[in-house]
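Working notes for the structure below.
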Amino acid sequence: MFTKTLLFTALVGLGGGAVWGHEHSGSLQEHLSAQGPHKERLWYNVLPGDGGTQADSVFSGISTFGRLPYFPCLSSDEEKFDIAFLGAPFDTGTSYRPGARFGPSGIRQGSRRLNLYGGYNTLLSVNPFNSWARVLDCGDIPVTSYDNAYAIKQIEQGHYSLLSRTPAYGADEGRKGPAKGGKVLPRVITLGGDHTIVLPILRSVKRAYGPVSVIHFDSHLDTWVPKVFGGAPTEQASVNHGTYFWHAYKEGLLRNNTNIHAGIRTTLSGPSDYENDAVVGFDLIEAHEIDEIGVGGIVKKIRDRVGDGLVYLSIDIDSLDPAFAPATGTPETGGWSTRELRTIIRGLDGLQLIGADIVEVAPAYDTNAELTTMAAADVLFEVMSIMVKTPLKSV
């Protein structure tokens, strides 16, 4: 009887003109799409605070990134967005431990607490979950695991399908943007997947913007000549998570000499690897430099390199030391802490970030405490905050 009474009460509350929990009024669809998948007052506790949305049961429900609203953006364009999270579950370009195909789902699991208390980023003075921007989790690109060439086409097509849409804010107001034709476009944050996915993403970005600068956090260069990294026995084998930037350079996807690696500490085939890296268009910051120039010095080198142009941000979770992020395909000791990486990324506030990714999260190697997936989610929280703070402008 008690269950029936609750159900009846809930159904009565769904009538026209109802006033929903969390001070939201309007239709049921407006209610469901307001801030998350579950907002009816019978099911969640509400505490006082900005927006009154804190302390929901983050351990229940279907996982989206930060419990954002989910919409199947690849099958429908009915919902507009300004920032979209998109999974690319691809890991057949790896050279050591596979498993990053489970990265998107793992990162979503690790992100469940991001807005437990409302999501306000105290250090950047912004709440990316409650701002001008419409932010959605758009699910995953359906990537085949049987044909790398086809999978790479799927990733490019899926990414461009979202990137090329009209955003929720600004486009109908005559505002000029930095994309081709003066367009304002939404921004896509991709959950990898191994690092090979950046090649099709940069192809998508070039179609929308032209060549862009890249900030690349990684312990490895990923600019190797295919004959050096993997031997390139076939054309498709030449495209992998250690060579994709070499291909991007050859295809004209990178802005000349405005790109930079940060966190490098890999072994090399020899000094020629660094020489080739410079030809591809990258400067680099080795991980040990943090001991000499500090976080501020690293931020300065990055900002000086990329300038004020359009920037794509790619973050390999192995830029972190495996003490903080063990669940990755090619771990390298001697890396940065999670706190250091987050501080460096916050130092990029104000840059024109047109998109971002985090890659090489392989949850099967994580601890029971989900250290790696939580670190990945927290890093993207900083990226998302920067994007909300700095709307794209015409350059």
Side-chain angles (χ1 to χ4, degrees), residues 65 70-90 92-93 101 103-104 133-144 147-171 176-214 216 236 239 241 244-245 247-255 309-315 352-359 380 383-384 387 392 394-395:
F65 186 86
Y70 164 75
F71 189 78
C73 307
L74 291 174
S75 59
S76 172
D77 59 3
E78 291 183 5
E79 284 279 347
K80 293 183 178 180
F81 51 84
D82 300 294
I83 300 173
F85 284 86
L86 179 66
F90 171 93
T92 45
R101 67 182 64 182
R134 173 74 165 144
V135 189
L136 296 178
D137 189 324
C138 289
D140 293 350
I141 301 169
V143 179
T144 182
D147 185 328
N148 279 13
Y150 192 78
I152 287 172
K153 291 178 182 178
Q154 288 178 307
I155 295 168
E156 179 183 351
Q157 181 178 343
H159 187 275
Y160 188 73
S161 172
L162 270 57
L163 179 62
S164 58
R165 295 187 186 178
T166 301
Y169 167 75
K176 291 291 185 180
K180 291 179 178 179
K183 292 181 179 179
V184 178
L185 298 178
R187 289 180 276 193
V188 180
I189 299 175
T190 308
L191 313 176
D194 78 52
H195 226 146
T196 313
I197 70 168
V198 171
L199 179 59
I201 289 173
L202 288 177
R203 288 170 176 167
S204 168
V205 167
K206 185 183 179 184
R207 290 166 66 181
Y209 289 97
V212 297
S213 303
V214 172
H216 174 225
Q236 189 53 52
V239 180
H241 75 162
Y244 61 92
F245 275 138
H247 288 280
Y249 158 67
K250 289 292 186 180
E251 294 178 22
L253 310 182
L254 306 173
R255 233 176 114 214
L310 302 179
V311 177
Y312 183 82
L313 175 61
S314 184
I315 305 165
Q352 292 284 290
L353 297 182
I354 53 92
D357 65 70
I358 197 159
V359 297
L380 289 184
V383 173
M384 180 185 174
M387 288 183 174
L392 293 178
S394 182
V395 293

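For this chain, numbers begin at 1 and follow the sequence in order.
Interatomic distance, Gln352 CD to Met387 CE, rounded to the nearest 0.5 Å: 11.0 Å. To the nearest 0.5 Å, atoms OH (Tyr209) and CG (Leu310) are separated by 7.0 Å. If you take CG on Leu392 and CZ on Arg187, they are separated by 4.0 Å, rounding to the nearest 0.5 Å. The structure places OG of Ser204 at 10.5 Å from CG of Leu253, a figure rounded to the nearest 0.5 Å. Rounded to the nearest 0.5 Å, atoms CG (Leu254) and NZ (Lys206) are 10.0 Å apart. Summarising the geometry, atom CD1 belonging to Ile315 is positioned 11.5 Å from atom OG1 belonging to Thr190; distances are rounded to the nearest 0.5 Å.
The residue from Val212, Val214, Leu353 that alone fulfils the side-chain contact (heavy atoms from CB on, under 4.5 Å) condition with Val311 is Leu353. Among Leu202, Leu199, Ile152, the one residue that satisfies the side-chain contact (heavy atoms from CB on, under 4.5 Å) test with Tyr244 is Leu199. Among the candidates Leu313, Leu185, Val205, the single residue satisfying the side-chain contact (heavy atoms from CB on, under 4.5 Å) test with Ile354 is Val205. When each of Leu86, Thr196, Val143 is checked for a side-chain contact (heavy atoms from CB on, under 4.5 Å) with Ile155, only Val143 meets the rule.
Residues Pro104 and Ala88 share a closest heavy-atom pair of CG-N, 3.9 Å. Minimum interatomic distance between Asn148 and Gly93 (heavy atoms only, all atoms of both residues): ND2-N, 4.3 Å. The nearest pair of heavy atoms linking Ala84 to Cys138 is CB-SG, 3.8 Å. What you find for Phe81 and Cys73 is that their closest heavy atoms are CE2-SG, 4.2 Å. Heavy-atom minimum distance, Thr92 versus Asp194: N-OD2, 3.4 Å.
Side-chain atoms of Asp82 come within 3.5 Å of backbone N or O of Arg134 as a donor-acceptor pair. Side chain of Glu251 to main chain of Arg203: no donor-acceptor pair is present (N/O by atom type, distance under 3.5 Å, no hydrogens or angles). Without hydrogens or angle criteria, Arg165 side chain to Ser161 main chain gives a donor-acceptor distance under 3.5 Å. Proximity of a side-chain donor or acceptor of Asp357 to a complementary backbone N or O of Gly192 within less than 3.5 Å is not detected.
The shortest distance between side-chain heavy atoms of Pro200 and His159 does not fall below 4.5 Å. By the 4.5 Å heavy-atom criterion applied to side chains, Leu74 and Pro142 are counted as neighbours. In this structure, Ile141 and Phe90 have side chains that are not in contact, with every pair of non-hydrogen atoms separated by 4.5 Å or more. Between Leu380 and Phe85 the shortest side-chain heavy-atom distance falls below 4.5 Å.
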Side chain to side chain contact (heavy atoms under 4.5 Å, CB included) assessment of Lys183 paired with Thr166 = CA-CA 9 Å; Lys183 292 181 179 179; Thr166 301; over 6 Å; no
Trace of the side chain to side chain contact (heavy atoms under 4.5 Å, CB included) decision for Ile189 with Phe65 = CA-CA 11 Å; Ile189 299 175; Phe65 186 86; over 6 Å; no
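Atom NZ of Lys176 sits in a sparse spot, with 12 or fewer heavy atoms from other residues, nucleotides or ligands closer than 6.0 Å.
Under the 4.0 Å criterion applied to side-chain N and carboxylate O atoms, Arg207 and Glu156 are assigned as salt-bridge partners.
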